[in-house]
Amino acid sequence: MEIKSEHKHWLVKSEAKCYSIDDLKRDCKNGAVPWEGIRNFQARNFMRDGMRPGDLVLFYHSNGTPKSPAGVYGIARVAGKPHIDESALNPKDEHFDPKAVAYKKAGKSPMWVCVDMEFVAKFSQPVYLSDLKREGSRLGGMLVLQTGQRLSVMPVSKTHFERVVQLGEEAGK
DNA sequence: GCCAACGTTGGC
DNA sequence: GCCAACGTTGGC
């Protein structure tokens, strides 16, 4: 998937039980949070080559449950430039990757890179996956709606981004 | 470089 | 918990 200069809106996935938007809100009281642990090259490329400070991000909870369905729960913002993902080099971290250590020893550019995220807003009512699907052609082509699309970081068009935010705000009224 | 086996993701 | 779809690995 090609990275284009007009990409300024994104969607990141996280399982709520691993790291929810409430966790992001809490952790951002002390500044932005490195979006560590992404171990997919395409997702890495989006963060490394596409994301720029100030870009807005839909925060999606994946692997939902009936109590907490999958969907967009709020908005985050890219807070800094891409940097090395230190968790890949830490043997005690669950996202440790020995190959990243080999990269470093070989003097290669970092294998895993991430950006910092900051909390912007939580929707008063989440925009569930079923809500997104109900939008039909209005959100046509939105990557997160494509079956088999498992990327945890992906671009979102401005139009789609704005529509999802609109839905999130409307839902609260 | 092919491709089968495997592990993971994520909706249901 | 199931399983389809995908990315990665490793034998050849």
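Every chain is numbered from 1, with letters handed out A, B, ... down the list of sequences.
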Would you list the atom pairs, donor with acceptor, under 3.5 Å between side chains in residues 25-38 of chain A and any protein atom, with sequence neighbours excluded?
{"from": "Arg26(A)", "atom 1": "NH1", "to": "Asp23(A)", "atom 2": "OD1", "distance (Å)": "3.1"}
{"from": "Asp27(A)", "atom 1": "OD2", "to": "Tyr19(A)", "atom 2": "OH", "distance (Å)": "2.6"}

Quick one: which residue pairs count as a side-chain hydrogen bond (donor to acceptor under 3.5 Å, both in side chains) with a foot in residues 79-92 of chain A, not counting sequence neighbours?
Arg39(A)-Asp85(A), Arg39(A)-Ser87(A), His83(A)-Asp116(A), Asp85(A)-Ser87(A)

Contact list for residues 56-65 of chain A, test side-chain hydrogen bond (donor to acceptor under 3.5 Å, both in side chains), sequence neighbours left out
Glu15(A)-Asn63(A)

Which residue, Arg150(A) or Asn63(A), contacts DNA chain C at a nucleotide closer to its 5' end, judged by nearest heavy atom?
Asn63(A)

Please find the earliest and latest nucleotides of DNA chain C, in the 5' to 3' direction, that have an atom within less than 4.0 Å of any heavy atom of chain A.
dA5(C) to dT9(C)

Return each pair, listed once, that meets ring-ring contact (aromatic ring centres under 6.0 Å, His included) where at least one residue sits in residues 90-134 of chain A; pairs must be two or more places apart or across chains.
Phe41(A)-Trp112(A)

May I ask you to say what Tyr60(A) touches in the nucleic acid, namely base, sugar-phosphate or nothing, with a heavy-atom cut-off under 4.0 Å?
sugar-phosphate

Could you work out, with ring-ring contact (aromatic ring centres under 6.0 Å, His included) as the rule, every residue matching His160(A), not counting sequence neighbours?
none

Remember a base hit wins even if backbone is also touched, and classify Thr147(A) as base, sugar-phosphate or nothing at under 4.0 Å, heavy atoms.
sugar-phosphate

